[in-house]
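Some notes on the structure that comes next.
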Amino acid sequence: MSEPAVLRVVVDGAEREVAAGTTGAALYEGRRDVVAVRTTAVGGAPELRDLSRELADGDAVEAVEVGSPDGLDVLRHSTAHVLAQAVQSLHPQAKLGIGPPVRDGFYYDFDVEVPFTPEDLKALEKEMQRIVKEGQTFARRVVTDSEARAELADEPYKLELIGLKGGTGSPEAGDEVAEGASVEVGAGELTIYDNVRRGGEVAWKDLCRGPHVPSTRLLANGWQLTRTAAAYWRGDQANQQLQRVYGTAWPSKDELRAHLERLAEAERRDHRRLGAELDLFSFPDEIGSGLAVFHPRGGVIKREMEDYVRRRHVEEGFDYVGTPHISKQALFETSGHLPYYADTMFPPMELENAQYYLKAMNCPMHNLIFRSRGRSYRELPLRFFEFGSVYRYEKSGVVHGLTRVRGLTQDDSHSYCTPEQAPAEVEKLLGFVLGLLADFGLDDYYLELSTRGTGDKFIGSDEEWEQATEVLRGCAERTGLELVPDPGGAAFYGPKISVQARDAIGRTWQMSTIQYDFNQPARFGLEFTAADGSHQQPVMIHSAKFGSLERFFGVLVEHYAGAFPPWLAPVQVVGVPVAEDFAPHLHDVVRQLKAQGIRAEVDDSDDRMQKKIRTHSKAKVPFVLIAGGDDVEAGAVSFRYRDGSQDNGVPVAEAVARIVEAVRSRVQV
RNA sequence: GCCAGCAUGGCGCAACUGGUAGCGCACCCGACUUGUAAUCGGGCGGUUGCGGGUUCGAGUCCCGCUGCUGGCUCCA
């Protein structure tokens, strides 16, 4: 059957007839913002294609604009190609890994003899600039496995990807090859892209699935190389370590600039920086990596958090308990932690012929409290709660401010209940957690459901896991929040719902957790006496609301950029007299505030007023109360808020009431 | 743990190709003090993370350790 001369196609929803041989580029001529097309062939799934691809009869085609998520991916991946070309131009011996788009940019991995330096990065940017200016086109070419092997004989990593793809290629093959590698060898046929100069000369080529922007010129000035790092080939620690170069890429220079400005803003919010500036906490080298000390101002916030969550636990029917920081080895063998997690526990200390471990978790000790006497079904659900100090030997490279530490405080609870009670208990805990987040003003988070993975890391039967997972899934889904699956991310003893929050620099951190555990009750031989006199095993629900007090603290600092709502602010009110003579008036106001439990003080220093305002603005004090002659005469004070706005001549009684109410209601001001 | 980079008074920075450490803020002292983000003057403070080496001489070069930063792996 010969090709028809006229093709019937659908372009952005509208039926059209075009001549055979028409390309996407022809359809969108003059549309500089279109970088690729999304084509749905007859009977096929939508697929991103180069603009240069010819249409077939019956194709439905949509424009992929550079600003759309797919368009940005195409742009960023194309930039990665230019980077790779630049690297091989300056370092001919470099072997290619993979080069996918990532959030805000791209990376490309290389095997090079000598790791890249910052100077190399500059040289690479220069070379990339040259390639971009040349306006090379990306030309797609379908090859067979054996052709690809012949052409890429010098590229061992690409050969490996071809091998992994396994010839025919199932739809999932790309995903299983390596994270990000689907951009090189996707489903179906293998393709090589040639970078072609104006004169038709092939400047460079790479095994790649595409699509790409039509010409390197489209990359314009919207990209930048950002950093270098090492990365394991195919993400496996056992593999060769490659050199990764990260970059960012945007449709225009303005958008690049805006991105860089966002990064600068994130840096200003970084809790490590604000922690030092606001005198909240520090990490003395003398104590050790990942071990924080809280200064008086940070201590206020920490105590407010503790007071809040302790009170809330009691209100929710938890019993406050206490357990030690160390324990003999056998306890953690019983719990299963030692066989499974010994390498993240600090090494033991030996005394009196016994091995003592710093505890990395509280549950085993709570189990002993449960077991300390006979338990009745009437007591269930029985809920134990404490601030448990735990120590985990986190690898040196992962310690990070307050969000990844080696010594942390969990607001840890364990609910012991019957299997029948478990769903309601999980529901209750989830409601508790979400209410807590709301009270702290957190809104940027999502839920994650961590389930059993493959391997022998997980204990218990499939049926038990299935049942526990379904209980958690049902509760999580009923919240209506975004729920992200996390296969293989469960604890060894059971599945988990967690709340994931994003920090200032885009990293996500696990905060609140709810875990369903049917294993430990069995390992500890926990039982209760049922109504019929029989002895039965409870299930336990682990839950941490903040997760780690330290991590939650760090996320709060970033969330508020250090400008805490009044109820959390270390200093809530500072009085600034316009001149010395008016200080007594403010002392009187502060006395009234303190009587209401407000953290208030008067700035009696001999700085001038303007300097005092600057000082307390920088300290992000929520209420600065200013008083001069007018205020004293009127029995009033003048508010200055953190945004610089003023409210002058407020009667003292009203001012006090206003502040007390702001603290009580936990609002932001 | 792996790769790379960094490490100067409390904080932020300076010190040409190696020649015996400077500045601002903070802090202390004194003077000043009338309306919303820095008053003026003076002073204290570092042997340049720790240990070793090269050199006539090291903050500057080399090695080891500790810590930090960015990734990777990991994360109960």
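Chain identifiers are assigned alphabetically (A, B, ...) following the order of the sequence lines, protein sequences preceding nucleic acid strands; residue numbering begins at 1 within each chain.
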Give the nucleotide from the list rC72(B), rA37(B), rG1(B) with an atom nearest to the side chain of Ser617(A).
-> rA37(B)
From the candidates rA26(B), rC2(B), rA37(B), the one with an atom nearest any side-chain atom of Arg614(A) is rA37(B)
Just the rounded figure in Å: distance from [atom2] of [N] to [atom1] of [X].
X	N	atom1	atom2	value
Asp607(A)	rC29(B)	CG	C1'	14 Å
Gln515(A)	rC75(B)	CD	P	13 Å
Arg273(A)	rU69(B)	CZ	P	14 Å
His337(A)	rC75(B)	NE2	P	14 Å
Phe492(A)	rC75(B)	CZ	P	13 Å
Lys611(A)	rA37(B)	NZ	C1'	10 Å
Tyr107(A)	rA4(B)	OH	C1'	18 Å
His271(A)	rU69(B)	NE2	P	9 Å

RNA chain B base-pair string [pairs: Watson-Crick or G-U under 3.5 Å; |: paired with another strand] | (((((((..((((.....[..)))).(((((.......))))).....(((((..]....))))))))))))....
Select base, sugar-phosphate, or nothing to describe what [X] touches, counting heavy atoms under 4.0 Å on all strands.
X	result
Asp606(A)	base
Glu277(A)	nothing
Phe458(A)	nothing
Tyr341(A)	base
Ala230(A)	base
Ser396(A)	base
Lys496(A)	sugar-phosphate
Arg272(A)	sugar-phosphate

Got a salt bridge between Glu580(A) and Lys612(A), using NZ or NE/NH1/NH2 to carboxylate O under 4.0 Å?
-> no
Charged N to carboxylate O under 4.0 angstrom, Asp647(A) versus Arg658(A)?
-> yes
[N] to [M] separation - [atom1] atoms, rounded to the nearest Å:
N	M	atom1	answer
rC65(B)	rC2(B)	P	10 Å
rA21(B)	rG49(B)	P	15 Å
rG1(B)	rC56(B)	P	38 Å
rG43(B)	rA38(B)	P	26 Å
rU17(B)	rC29(B)	P	42 Å
rG42(B)	rC32(B)	C1'	15 Å
rG9(B)	rA31(B)	C1'	27 Å
rG46(B)	rC27(B)	C1'	15 Å

Return the 5'-most residue of the pair Met345(A), Lys395(A) with respect to RNA chain B, ranking by each residue's nearest nucleotide.
-> Lys395(A)
Let me know, please, whether Ser289(A) or Gly489(A) comes out on the 5' side of the other along RNA chain B by nearest nucleotide.
-> Ser289(A)
Taking atom CD of Glu654(A) as the centre, does the number of heavy atoms from other residues, nucleotides or ligands within less than 6.0 Å exceed 12?
->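 Yes - once you tally the heavy atoms of other residues, nucleotides and ligands closer than 6.0 Å, there are more than 12.
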So with a 6.0 Å cut-off around CD of Glu113(A), is the heavy-atom count from everything else above 12?
->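 Not more than 12 within 6.0 Å, no.
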Would you say the ring centroid of [X] lies under 6.0 angstrom from that of [Y]?
X	Y	answer
Tyr108(A)	Phe106(A)	no
His91(A)	Phe116(A)	yes
Phe546(A)	Phe553(A)	no

Taking only side-chain N and O atoms of [X], does any of them lie within less than 4.0 angstrom of OP1 or OP2 on [N]?
X	N	value
Tyr246(A)	rC72(B)	yes
Tyr393(A)	rC75(B)	no
His400(A)	rG71(B)	no

Taking C-beta and beyond as the side chain, do [X] and [Y] meet within less than 4.5 Å on heavy atoms?
X	Y	result
Met128(A)	Leu83(A)	yes
Ser450(A)	Gln515(A)	no
Trp233(A)	Ile98(A)	yes

Exercise: identify the closest heavy-atom pair between Gly554(A) and His271(A) |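 So the minimum-distance heavy-atom pair works out to O-CB, 3.5 Å.
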Do you know the tightest heavy-atom contact between Val621(A) and Arg642(A)?
->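 Closest heavy-atom pair between Val621(A) and Arg642(A): O-CG, 3.3 Å.
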With a 3.5 Å cut-off and just heavy-atom distances, do the side chain of [X] and the base of [N] make a donor-acceptor pair?
X	N	answer
Tyr232(A)	rG71(B)	no
Gln241(A)	rC2(B)	yes
Arg404(A)	rC75(B)	yes

Would you list the protein and nucleotides 34-36 of chain B atom pairs, both N or O, that sit under 3.5 Å from each other?
unit_1, atom_1, unit_2, atom_2, d
rG35(B), O6, Gly629(A), N, 3.1
rG35(B), O6, Asp630(A), N, 2.7
rG35(B), N1, Asp631(A), OD2, 2.6
rG35(B), N2, Asp631(A), OD2, 3.0
rG35(B), N2, Ser638(A), OG, 2.9
rU36(B), O2, Arg640(A), NE, 3.0
rU36(B), N3, Gln646(A), OE1, 3.4
rU36(B), O4, Gln646(A), OE1, 3.4
rU36(B), O4, Asn648(A), OD1, 2.6

